[in-house]
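Here is the structure we will look at.
None of these values were measured; they are calculated from a predicted model. Both backbone and side-chain heavy atoms feed into the values below; hydrogens, waters and symmetry mates do not. The first residue of the sequence shown is numbered 1, and numbering continues consecutively from there.
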Amino acid sequence: MSKNVSMITFGCKLNQAETQAMADKLNCIGYNITFDEKNGKNDIYVINTCTVTSEAERKIRQLIRRIKRKNNYVKVIAVGCYVHTDAEKLKDIGADLVLGNLEKKFIDKYINDSGVILNKSYWLKNQDKIITPEKSFDDRTRIFIPIEEGCLNACSYCRIIFSRGTSIRSLPINKVLKAISNYIDLGYKELVLTGINLNQFGFDNAETLTELLEKIEENFGEDDIRIRLTSMYPEYVDKKMVEIIFNSKIFEKHVHLSIQHFSNKILNLMGRKYDKNKIIEAIELFRERDKFFSITSDIIVGFPYEEDEDFQELLNSIKDMKILKVHGFRFSARPGTKASKMKNQVLGNIKKDRIETLNLNSKNISEDYRKELIGKEVTILSEKIDDNYIYGYDEYYIHHKCDFKNINPVKNKFYRVKIQDISDEGVSSYVL
């Protein structure tokens with residue numbers, strides 16, 4: 001008799017892609033896959049974990065305890081990044097099987113095992129490979145394509161290198177192109193390239209991200225699709241990359257930049273490889289071609305030595321650069337990192353106040369940015385349709401609630417629309 005497996009994901013887009021790939025493997029050997037924790041018929045829960053913040057780890061532990069409290073006989077499998085930093089804790093609080101980032105890629109072979117199975121430094125032994133999902137199990141119009149793993153930066157606050165590695169592993173360009181072709185044949189319209197540090201794609205095999213973008217345009221530039229880039233680093237943005245994006249009709253007019261801060265003092269303490277001027281230069285390269293080109297970003301507040309003037313510089317810069325959306329985090333001192341040992345740690349109540357201020361300011365900045373778009377014509381990809389509206393994102397990664405008349409809208413189709421107002425999280429528009 002087949003078993004029901006619930007797949008639950010914490011963390012980044014790469015994790016989401018790998019969850020889909022794990023689901024593919026389990027589905028192929030007879031397991032029924034859901035993505036719903038509350039489904040009472042689940043026999044197994046696979047939790048793809050994150051270790052970026054202590055809050056993420058707390059929620060993972062809380063989830064494992066909650067699942068076991070409801071039914072101690074279900075099997076809980078914890079996999080991924082948190083496993084590399086504290087596998088035994090996950091086992092002690094109730095995980096029946098604990099798999100590392102290498103082992104989770106072969107979950108079909110380990111599904112019936114128990115205990116901790118973990119190669120802590122798998123990236124040093126040439127055993128790792130990038131896995132791509134065959135399809136999206138939750139009926140989405142987009143799919144995430146992992147093309148790179150590992151990071152060479154060793155930032156002072158980050159312990160992802162302990163779980164994802166200090167060497168770069170990339171999917172060769174020819175395999176990326178093959179994956180894109182397969183997804184197009186399956187009907188996907190939006191393809192999202194993701195990795196731990198996307199700009200370091202190809203460092204292991206003498207290829208580059210710019211070369212990949214050129215090949216994607218060469219092979220798919222006339223297809224009815226959209227390509228989105230995630231996890232870009234400011235110091236790698238250059239004119240050639242920008243030209244490729246703007247000379248193509250398939251690349252979105254949006255990138256997610258891993259900025260973290262705008263104060264040079266804090267950036268230096270973080271161990272980032274760029275300064276404020278480089279961030280501004282990268283954004284202006286895009287905005288020179290399109291003043292509405294949208295930027296989303298990760299931002300950390302409350303880093304050690306962050307003073308009021310550093311925080312104010314951060315707020316001012318986000319406003320000046322018209323950041324569409326900020327993913328804000330309170331600094332979390334991760335064990336084993338340089339930042340956890342720094343003096344002048346910011347007090348918890350100050351971090352709390354600063355994240356609330358950041359979120360409020362960012363909301364207002366986003367609203368001002370979207371107001372400037374009123375009257376603009378854009379293209380949305382329909383992801384959901386009800387009796388009155390089409391819902392989807394445009395090329396600037398802005399969510400639309402779109403009114404339609406005199407057409408029978410179809411899911412997973414591009415529509416030309418006109419923006420008429422802003423909403424809480426996006427805009428309202430109508431089909432032209």
Side-chain angles (χ1 to χ4, degrees), residues 11-15 17-18 50-53 80-85 100-102 105 119-131 144-173 175-176 193-213 229-238 240-241 255-261 264 266-279 281-282 297-300 303 329 331-332 334-342:
C12 63
K13 298 293 191 295
L14 180 58
N15 261 10
E18 290 176 340
C50 175
T51 191
V52 169
T53 65
C81 291
Y82 190 4
V83 171
H84 283 260
T85 58
N101 272 323
L102 173 65
K105 297 177 182 182
N119 183 336
K120 276 202 166 186
S121 55
Y122 65 99
W123 57 87
L124 298 178
K125 299 178 182 179
N126 298 318
Q127 296 174 306
D128 191 31
K129 65 176 182 177
I130 304 291
I131 59 170
F144 297 107
I145 310 176
I147 65 169
E148 181 273 341
E149 189 173 354
C151 185
L152 303 177
N153 285 13
C155 297
S156 65
Y157 57 86
C158 183
R159 64 174 180 171
I160 290 301
I161 58 170
F162 304 150
S163 55
R164 290 285 187 175
T166 52
S167 65
I168 303 301
R169 290 89 72 205
S170 305
L171 197 65
I173 286 178
K175 291 189 176 181
V176 178
L193 304 182
T194 187
I196 296 298
N197 187 335
L198 203 63
N199 293 103
Q200 292 179 354
F201 168 85
F203 278 24
D204 54 326
N205 56 17
E207 296 177 338
T208 69
L209 181 62
T210 299
E211 290 171 357
L212 173 62
L213 300 185
L229 307 175
T230 62
S231 302
M232 301 275 283
Y233 280 53
E235 72 267 35
Y236 292 103
V237 175
D238 58 29
K240 186 173 183 180
M241 180 183 296
V255 296
H256 183 83
L257 282 181
S258 183
I259 292 174
Q260 308 304 348
H261 215 285
N264 284 336
I266 300 301
L267 289 170
N268 184 56
L269 288 167
M270 286 178 168
R272 305 299 281 183
K273 309 299 183 184
Y274 52 84
D275 59 13
K276 179 180 177 178
N277 286 337
K278 186 60 184 177
I279 301 171
E281 178 186 325
S297 181
D298 302 313
I299 295 292
I300 296 173
F303 195 82
F329 301 90
F331 170 72
S332 182
R334 313 308 291 131
T337 63
K338 293 179 181 178
S340 68
K341 302 178 180 70
M342 288 180 180

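- In this model, no donor atom of one side chain and acceptor atom of the other lie less than 3.5 Å apart for Arg164 and Tyr122.
- Of all heavy-atom pairs spanning Asn197 and Cys151, the tightest one is ND2-SG, 3.7 Å.
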Query raised in the report: Taking it one step at a time, do Val237 and Leu257 satisfy side chain to side chain contact (heavy atoms under 4.5 Å, CB included)?
Result: CA-CA 10 Å; Val237 175; Leu257 282 181; 4.3 Å; yes
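- Within 6.0 Å of atom NZ in Lys276, more than 12 heavy atoms from other residues, nucleotides or ligands are found, so the atom counts as buried in its surroundings.
- Between Ile131 and Pro146, the closest heavy-atom pair is O-CG, 3.0 Å.
- In this structure, the separation between CG on Leu14 and CD1 on Ile147 is 10.5 Å, given to the nearest 0.5 Å.
- Atom CG of residue Leu269 and atom NE2 of residue His261 lie 10.0 Å apart, to the nearest 0.5 angstrom.
- Contact detail for Thr210 and Met241: the closest heavy-atom pair is OG1-CE, 3.9 Å.
- A heavy-atom distance below 4.5 Å is not found between the side chains of Phe162 and Lys120.
- For the pair Asp275 (side chain) and Asn277 (backbone), a donor-acceptor distance under 3.5 Å is present.
- Checked against ring pair (Phe, Tyr, Trp, His ring centres under 6.0 Å), Phe203 has no partners two or more places apart in sequence or in another chain.
- Checking Ser170 against Asn205 by side-chain atom types alone, no donor-acceptor pair falls below 3.5 Å.
- No side-chain N or O of Thr51 forms a donor-acceptor pair with one of Ser163 less than 3.5 Å apart.
- Between Gly80 and Asn101, the closest heavy-atom pair is CA-OD1, 3.2 Å.
- Contact record, Ile168 with Asp204: O-CB, 3.1 Å, taken as the closest heavy-atom pair.
- In this structure, Lys273 and Asn153 have side chains that are in contact, with non-hydrogen atoms separated by less than 4.5 Å.
- A side-chain donor-acceptor contact under 3.5 Å links Ser258 and Arg272.
- Gly195 approaches Leu198 most closely through the heavy-atom pair N-CD1, 3.9 Å.
- Note that NZ of Lys240 and CG of Leu213 are 10.5 Å apart. Values are rounded to the nearest 0.5 Å.
- Formation of a donor-acceptor pair under 3.5 Å by the Thr208 side chain with backbone atoms of Glu211 is found in this model.
- The line from CG of Leu209 to CZ of Phe201 is 7.0 Å long, rounded to the nearest 0.5 Å.
- From Ser167, atom OG reaches atom CG of Leu152 across 8.0 Å, with rounding to the nearest 0.5 Å.
- Note: Leu171 CG to Glu148 CD = 11.0 Å, rounded to the nearest 0.5 Å.
- Looking at Glu149 and Lys105, a side-chain N of the basic residue comes within less than 4.0 Å of a carboxylate O on the acidic one, giving a salt bridge.
- A donor-acceptor pair under 3.5 Å is formed between the side chain of Ser156 and the backbone N or O of Met270.
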**Report entry** Worked verdict on Ile161 versus Ile196 for side chain to side chain contact (heavy atoms under 4.5 Å, CB included)
**Finding:** CA-CA 10 Å; Ile161 58 170; Ile196 296 298; over 6 Å; no
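- Within the 4.5 Å cutoff, the side chain of Ile160 has heavy atoms near those of the Val52 side chain.
- With contacts defined as side-chain heavy-atom distances shorter than 4.5 Å, the pair Leu212/Val176 qualifies.
- Side-chain contact between Asp298 and Phe329 is present, with at least one heavy-atom pair separated by less than 4.5 Å.
- A search for side-chain contact (heavy atoms from CB on, under 4.5 Å) contacts involving Lys341 returns nothing, not counting sequence neighbours.
- Judged by distance alone, the side chain of Arg159 and the main-chain N or O of Tyr157 form no donor-acceptor pair under 3.5 Å.
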Hey, can you pull the donor-acceptor pairs under 3.5 Å for the side chains in residues 229-236, sequence neighbours left out?
unit_1 : atom_1 : unit_2 : atom_2 : d
Thr230 : OG1    : Leu193 : O      : 2.9
Thr230 : OG1    : Thr194 : OG1    : 3.4
Tyr236 : OH     : Gln200 : NE2    : 3.4

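- Side-chain contact between Val83 and Cys81 is absent, with no heavy atoms from C-beta onward closer than 4.5 Å.
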